[in-house]
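Notes for the one structure printed next.
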Amino acid sequence: MTRLFLYVHAGGRCEFDGCNDYLLEHHVTKTDGNFAEMAHIFAFSGGGPRAKERKGSDIHALSNLMLLCPKCHKEIDENPAKWTGSVLRRFKRAHEDRVFMLTGTSPDRDTTAVVLRGRVAGKLVTISTEEMQAAVAPRYVSAREACQIDLSQLPDSNDPEYWHQGSKVIRLKMQRCYEYQADAHPLRHVSVFALAPIPLLMVLGACLSDKVPTDLYQRHRDSESWRWKQTGAVVNFATTRLRMGTDAARVALLVAVSGFIAEQDLPTSIDDTYTVYQIAPSTAAPGTGVLQVADSLRAFGSEYRQAIRGIVAAHPGANALDVFPAVPAPVAVAMGRDLLPKRDPVLVVYDFNKSLGGFARTLEINQP
């Protein structure tokens, strides 16, 4: 009975902090099996690991047992000075508390994670299941059901083919994700964790279904967490017209959320014929720390949708809108997701590339 309780309390996973390997399935072949080991926190033999720390006589009690994979069992027994009884008990308690919380989650609280990883400034950030779970709680994210999109193997963004290939991979992966979920079980909710160049984040947003409730998350630099802050000021946004152009059909939109965009930084193709608008925070200065709470993202979405429709009304001949974004990842995703395919204009998206001397044209989004 003790064995049964241990497996249930551990959720069939390794209880060593940071491991969490599933132990009832082979990690390569995925065949069912029992690959777990029951480990004593305090050894039953006098000369065993942590035996001198032992208090009490019931050495085989549930409180003195951990479910571990063979590698972690070997690690704690070969390094008892490092992995003391108090440390292991803390690992056990945290792991079993997490399993209890997750298994108590209502079925209608599950969410499917969409994870997009691409190199930003040459760096690739990993996103763990634990980080995602901490962000979506009290929802529950299943690592097995996640839609993973990895762009790390694409050529450098200075290569024009980069944008085409990246867009193609995202569209194909998202199509397969929605098709798989429709076949497997109804898709009730989606959580998006994405770090990639802005134009590709906008492509991802355009691929998200507006028929499925979706939450977007941001990796916060100060806490290195994906969880939205629970307190903080809500930042509002406003749209202003910076200049009137001579051709009503030519319009550019600057989206300055995480940084300022000066008109002189625009490419020479955005000349005096263009009318230029800007969306920027109205209650804070643009910066990387603007988006702290989820309500700020919702405030941006509301202003962005109004701005797009206002521009369409003021410039009925403008079939395309040149867009220059300096935005956090979830804002870029929202910019793609909030477009109406049959109503809103095509977005000609530019990306700031220092090695190319400024903004360069990349992709067209919302094509008919």
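What's counted below: heavy atoms across the whole structure, side chains too, no hydrogens, waters or symmetry copies.
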When you measure from the side chain of [X] to the backbone N and O of [Y], does any donor-acceptor pair fall under 3.5 Å?
| X | Y | value |
| --- | --- | --- |
| Glu78 | Glu75 | no |
| His189 | Thr214 | no |
| Thr112 | Val190 | no |
| Tyr178 | Ser209 | yes |
| Thr362 | Asp351 | no |
| Gln367 | Glu364 | no |
| Asp271 | Thr273 | yes |
| Asn64 | His60 | no |
| Ser225 | Arg227 | yes |
| Arg50 | Thr84 | no |

Item checked: Residues Val99, Asp97; criterion side chain to side chain contact (heavy atoms under 4.5 Å, CB included); working and verdict -> CA-CA 6 Å; Val99 169; Asp97 285 349; over 6 Å; no

Margin query: Apply salt bridge (Lys or Arg N to Asp or Glu O under 4.0 Å) to residues Asp110 and Arg188 and explain how you reach the verdict.
Written below: CA-CA 8 Å; Asp110 68 329; Arg188 290 187 287 259; 3.1 Å; yes

Could you go through residues 252-266 and list every donor-acceptor pair under 3.5 Å that involves a side-chain atom there, pairing it with any protein atom two or more places apart or in another chain?
from   : atom 1 : to     : atom 2 : distance (Å)
Ser258 : OG     : Ala326 : O      : 3.1
Ser258 : OG     : Val327 : N      : 3.2
Glu263 : OE1    : Arg243 : NH1    : 2.8

If we only count heavy atoms from C-beta on, is the [X] to [Y] side-chain gap below 4.5 Å?
| X | Y | result |
| --- | --- | --- |
| Phe16 | Cys69 | no |
| Lys92 | Leu67 | no |
| Leu321 | Val348 | no |
| Trp83 | Phe91 | yes |
| Tyr350 | Pro199 | no |
| Leu291 | Val331 | yes |
| Arg298 | Val234 | no |
| Leu204 | Val114 | yes |

Item checked: Single-linkage hydrophobic cluster, 4.5 Å side-chain cutoff, Leu6 and Leu24 together -> yes

Checklist line | ILVMFWY network linking Ile198 to Leu154, side-chain heavy atoms under 4.5 angstrom | finding: yes

Check: Is it the case that Gln133 and Glu130 place a side-chain donor and acceptor less than 3.5 Å from each other?
Finding: no

Next item on the list: For residues His220 and Trp228, establish whether the separation of their ring centroids is below 6.0 Å.
Entry: yes

Check: Between Gln278 and Thr239, is a side-chain hydrogen bond (donor to acceptor under 3.5 Å, both in side chains) present by the stated rule, with each step listed?
Finding: CA-CA 6 Å; Gln278 176 181 265; Thr239 304; over 6 Å; no

First locate atom [atom1] of [X], then atom [atom2] of [Y], and finally report the distance between them rounded to the nearest 0.5 Å.
| X | Y | atom1 | atom2 | result |
| --- | --- | --- | --- | --- |
| Arg13 | His95 | CZ | NE2 | 8.0 Å |
| Cys207 | Lys173 | SG | NZ | 13.5 Å |
| Leu242 | Thr275 | CG | OG1 | 10.5 Å |

Item checked: Asp222/Lys229 under salt bridge (Lys or Arg N to Asp or Glu O under 4.0 Å): CA gap, chis, key distance, verdict -> CA-CA 11 Å; Asp222 54 353; Lys229 304 293 178 63; 2.9 Å; yes

Does atom [atom1] of [X] have more than 12 heavy-atom neighbours from other groups under 6.0 Å away?
| X | atom1 | result |
| --- | --- | --- |
| Glu161 | CD | yes |
| Asp247 | CG | yes |
| Arg3 | CZ | no |

Checklist line | Full working for side-chain hydrogen bond (donor to acceptor under 3.5 Å, both in side chains) between Arg343 and Asn366 | finding: CA-CA 10 Å; Arg343 178 178 174 180; Asn366 207 35; over 6 Å; no

Checklist line | Salt-bridge contact Arg90-Asp17 (side-chain N to carboxylate O under 4.0 Å) | finding: no

Next item on the list: Would you mind checking if Arg250 and Asp322 are paired as a salt bridge, meaning a charged N to carboxylate O distance below 4.0 Å?
Entry: no

Check: Yes or no on side chain to side chain contact (heavy atoms under 4.5 Å, CB included) for Val323 and Ile365, after CA distance, side-chain angles and deciding distance?
Finding: CA-CA 10 Å; Val323 178; Ile365 298 175; over 6 Å; no

Checklist line | Mutual orientation of the aromatic rings belonging to His315 and Tyr277 [parallel < 30°, tilted 30-60°, perpendicular > 60°] | finding: perpendicular

Check: Would you call the rings of Phe300 and Tyr304 parallel, tilted or perpendicular if under 30° counts as parallel and over 60° as perpendicular?
Finding: parallel

Next item on the list: Apply side chain to side chain contact (heavy atoms under 4.5 Å, CB included) to Thr111 and Asp215, showing your working.
Entry: CA-CA 9 Å; Thr111 183; Asp215 288 333; over 6 Å; no

Item checked: His40 and Ile59: CA distance, side-chain angles, deciding distance, side chain to side chain contact (heavy atoms under 4.5 Å, CB included) verdict -> CA-CA 8 Å; His40 289 86; Ile59 200 66; 4.1 Å; yes

